[in-house]
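To keep things clear, I will list the structure first and then write my remarks on it.
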Protein chains: 2
Amino acid sequence: MNELDATDRAILRALSRDATRPAADLGRELGLSQPATWRRIRRLREIGALTGRRLDLDAAALGFGVTVFLGVKLASRGRASLEDFERAVCAIREVQTVEHVLGLYDYRLRIVARDLEDFERVLRRRIMTLPGIGPVEANVLLSEERLPGPL
Amino acid sequence: MNELDATDRAILRALSRDATRPAADLGRELGLSQPATWRRIRRLREIGALTGRRLDLDAAALGFGVTVFLGVKLASRGRASLEDFERAVCAIREVQTVEHVLGLYDYRLRIVARDLEDFERVLRRRIMTLPGIGPVEANVLLSEERLPGPL
DNA sequence: AATGAAACTACTGCCGG
DNA sequence: CCGGCAGTAGTTTCATT
């Protein structure tokens with residue numbers, strides 16, 4: 001179905017670090033012409049491996065100095081609980097990511113705030129009032145490193 | 001220092017969803033000319049708010065059907081422990097993200113594997129043998145939603 | 001900040017292996 | 001089926017007003 005050779009993986013690795021690199025530049029590095037490189041990129045999009053290109057933002061530079069990961073366990077386990085919770089949590093502006101997970105917690109949230117005082121406000125007024133919310137565990141982000149991954 | 005008006009935030013919001021959108025297209029939506037829009041984008045880069053553009057990859061389409069979040073507590077708390085651990089964990093190919101956090105855990109790892117069997121291999125042979133590793137908690141990713149955030 | 005020109009990049013057919 | 005060549009369309013980038 002989808003067979004990726006070493007060249008495809010090299011393209012994904014390079015573009016993962018910097019998605020602005022032109023196909024011609026990339027092709028020189030791989031011994032390919034610009035159209036050949038670009039066709040491979042289009043093919044990676046078509047098979048769904050490459051779903052888009054997004055910005056890499058610096059939350060601190062934007063005035064959001066605090067990033068917190070929240071592990072959330074639901075109190076009520078009904079079928080409607082999940083959808084109610086997801087709809088409500090997605091409406092909170094400070095929530096960047098909502099991950100539905102299996103394990104000790106039901107959801108993992110990535111939340112940003114201007115500072116710890118601001119985070120406490122979000123926690124008390126937005127998070128703790130979510131429908132069906134149970135035990136919560138918090139981890140404050142100190143530093144983060146993104147790696148190339150297994151490509 | 002960094003004063004972002006509503007237009008800057010609108011640009012970041014739009015590019016966060018799709019970083020390939022041309023400045024001219026974006027300017028029409030905001031009532032700005034193409035160069036004006038482009039200057040704002042350059043300024044956002046210069047003040048460090050916009051640090052780059054990265055790919056949005058679909059791990060499942062690349063043959064990695066399992067994504068697991070690992071909360072890790074270190075056993076030894078010495079100053080060298082952190083660096084040793086970080087260096088070793090960053091060398092594991094299956095590790096996508098390493099987050100140093102404050103809370104119940106010391107590190108949060110995002111790990112991908114081909115399937116659960118493959119994940120068990122990574123866990124036993126790579127993760128559990130990390131220097132200074134202590135208690136570990138795992139959460140398997142079911143689904144994930146990225147939101148615009150507080151911009 | 002807009003206009004227009006220049007350079008560059010993305011994309012499309014066509015042909016050869 | 002995949003890659004190179006050549007040409008077109010579209011975007012970025014910069015100079016001028």
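Residue numbers begin at 1 in each chain, while the letters A, B, ... track the order of the sequences. All values below come from the heavy atoms of this structure, side chains included, with hydrogens, waters and symmetry mates left out.
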Taking only N/O atoms, report every protein-nucleotides 5-11 of chain D pair under 3.5 Å with atom names and distance.
none

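A search for side-chain hydrogen bond (donor to acceptor under 3.5 Å, both in side chains) contacts involving B:R146 returns B:D56, not counting sequence neighbours. Checked against side-chain hydrogen bond (donor to acceptor under 3.5 Å, both in side chains), A:E120 has the following partners two or more places apart in sequence or in another chain: A:R124.
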Start with the C-alpha gap between A:D5 and A:R40, add the side-chain angles, then the distance that decides, and say whether salt bridge (charged side-chain N to carboxylate O under 4.0 Å, His left out) holds.
-> CA-CA 11 Å; A:D5 60 11; A:R40 279 175 180 264; 3.0 Å; yes
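Axis orientation changes by 20° from one end of the helix from C:dA1-D:dT17 to C:dG17-D:dC1 to the other, with each end axis drawn from 5 pairs and the value rounded to 10°.
We find that B:E145 and A:R108 are not joined by a salt bridge, their nearest charged nitrogen and carboxylate oxygen being 4.0 Å or further apart. With respect to B:R43 and B:D8, a salt bridge is recorded, a charged nitrogen being found less than 4.0 Å from a carboxylate O. The pair B:D18-B:R21 does not meet the salt-bridge criterion, since no charged nitrogen lies less than 4.0 angstrom from a carboxylate oxygen. Salt bridge absent: A:R45 and B:D58 never bring a charged side-chain N and a carboxylate O closer than 4.0 Å. Looking at B:R125 and B:E94, no side-chain N of the basic residue comes within less than 4.0 Å of a carboxylate O on the acidic one, giving no salt bridge.
A donor-acceptor contact under 3.5 angstrom links the side chains of B:Y107 and B:E86, judged on distance only.
As rounded to whole Å, 13 Å separates atom P of D:dG4 from atom CZ of A:R28. A:R43 has its CZ atom 6 Å from the P atom of D:dC2, to the nearest Å. The interatomic distance linking A:L30 (CG) with D:dC2 (C1') rounds to 15 Å, in whole Å. The separation between B:W38 atom CH2 and D:dT12 atom C1' is 7 Å, rounded to whole Å.
A:R40 comes within 4.0 angstrom of sugar-phosphate atoms only, judged by non-hydrogen atoms across all strands, and of no base. Among the protein residues, B:G27 comes within range of no part of the nucleic acid, since none of its heavy atoms lies under 4.0 Å from any strand.
Listed for the A:N139 side chain is no donor-acceptor partner under 3.5 Å among the backbone atoms of B:V101. Of the possible polar contacts, none joining the A:R54 side chain to the B:L55 backbone as a donor-acceptor pair under 3.5 Å is found. Between the A:R53 side chain and the A:A19 main chain, a donor and an acceptor come within less than 3.5 Å of each other.
Nucleotides of DNA chain C with any atom under 4.0 Å from a heavy atom of chain A span, from 5' to 3', C:dT9 to C:dC14.
Scanning residues 10-21 of chain A for heavy-atom distances under 4.0 Å to DNA chain C yields an empty list.
Across B:S76 and B:S81, no two heavy atoms sit closer than the pair OG-OG, 3.0 Å.
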